[in-house]
Amino acid sequence: DAIEVVDLNWSSVESREAAVADDYRLYQNYPNPFNPETTIKYEIAKALPVKVSIYNLLGEHIATLVDEIQSPGVHVTRWNGANDRGDLMNSGVYFVKINAGDFIASQKMLMLK
C-alpha cells in the first residue's frame, strides 16, 4: 500500500492551483461589506496583461489595483478603500472590474464605515 504525503505548505498549494487554472473568473470580494479593506480574488487561464480597477456607482475610475502581465492561475489583490491619490473613499457601493484579454467581469462591493 502506498502512503500519500500531503504537503500543507501554502506556496505549493498556490502553485498547484496556478498549474490547473483553465478558466477566467472574478470571485466575489471578501469580506463584503467591508471596512476598511477587502480581498479580491481572480483566475486567469493564460499569461496576458491584466487590469483590475475600482469604480464608483457613476462609473468614475477610483483606483487601479493591478496593471501588468500576469501568469496563469489564481491571483489575489486587496483594496484598502482609497483612491489612486491615497484618499479614503466614502461609504457606498463600488465595483471591481477585471480586464484580461477578451475576459471582462465586474462585481459589486459595499464599503461601510
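Numbers here are sequence positions counted from 1. Note that the structure is a prediction, hence the values are computed from the model and not measured.
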Engineer: Evaluate the criterion side chain to side chain contact (heavy atoms under 4.5 Å, CB included) for residue pair Ile98 and Phe103; output intermediate values, then yes/no.
Structural biologist: CA-CA 8 Å; Ile98 183 172; Phe103 175 71; 3.5 Å; yes
Engineer: Verify whether one side chain among Tyr27 and Glu43 offers a donor that lies under 3.5 Å from an acceptor in the other.
Structural biologist: yes
Engineer: Please work out whether the ring planes of His75 and Tyr42 are parallel, tilted or perpendicular, with thresholds of 30° and 60°.
Structural biologist: parallel
Engineer: In Å, rounded to the nearest 0.5 Å, how long is the span from CZ of Arg78 to CG of Leu65?
Structural biologist: 11.5 Å
Engineer: Look only at the side chain of Asp84 and the backbone of Thr64, and say whether a donor-acceptor pair between them is shorter than 3.5 Å.
Structural biologist: yes
Engineer: Verify, without hydrogens or angle tests, whether Gln28 (side chain) and Ile40 (backbone) share a donor-acceptor contact under 3.5 angstrom.
Structural biologist: no
Engineer: For Met89, does its backbone N or O pair with a side-chain atom of Lys113 as donor and acceptor, under 3.5 Å?
Structural biologist: yes
Engineer: What's the shortest heavy-atom distance between Ala63 and Trp79, and which atoms?
Structural biologist: CB-NE1, 4.0 Å
Engineer: Side chains of Val93 and Met109, heavy atoms from C-beta outward: is any pair under 4.5 Å?
Structural biologist: no
Engineer: Spell out, as yes or no, whether a donor-acceptor pair under 3.5 Å connects the side chain of Ser106 to the backbone of Val96.
Structural biologist: no
Engineer: Please find the pair of heavy atoms, one from Pro72 and one from Ala45, that lie closest to each other, and give the distance.
Structural biologist: CB-O, 3.5 Å
Engineer: Could you give the distance from CD (Glu60) to CD1 (Ile54), rounded to the nearest 0.5 Å?
Structural biologist: 14.5 Å
Engineer: Given side chains that start at C-beta, do those of Glu68 and Val50 come closer than 4.5 Å, heavy atoms only?
Structural biologist: no
Engineer: Would you give the length of the straight line joining atom CG of Asp67 to atom OG of Ser53, rounded to the nearest 0.5 angstrom?
Structural biologist: 7.0 Å
Engineer: What is the minimum heavy-atom distance between Asn90 and Tyr94, and which atoms define it?
Structural biologist: O-OH, 2.8 Å
Engineer: Identify the two heavy atoms, one from Ile62 and one from Asn56, that lie closest to each other, and give their separation to 0.1 Å.
Structural biologist: CG1-N, 3.7 Å
Engineer: Quick one: does Asn29's side chain have a donor or acceptor within less than 3.5 Å of a partner on Asn32's backbone?
Structural biologist: no
Engineer: How close do Pro31 and Glu37 get, heavy atom to heavy atom, and via which atoms?
Structural biologist: CD-O, 4.0 Å
Engineer: Please give me the minimum heavy-atom distance between Leu48 and Gly101, naming the atom from each residue.
Structural biologist: CD1-N, 3.9 Å
Engineer: Tell me whether Phe95 shares a hydrophobic cluster with Leu26, the cluster being built from Ile, Leu, Val, Met, Phe, Trp, Tyr side chains joined at under 4.5 Å.
Structural biologist: no
Engineer: Answer yes or no: is there a side-chain heavy-atom contact under 4.5 Å between Asp102 and Tyr24?
Structural biologist: no
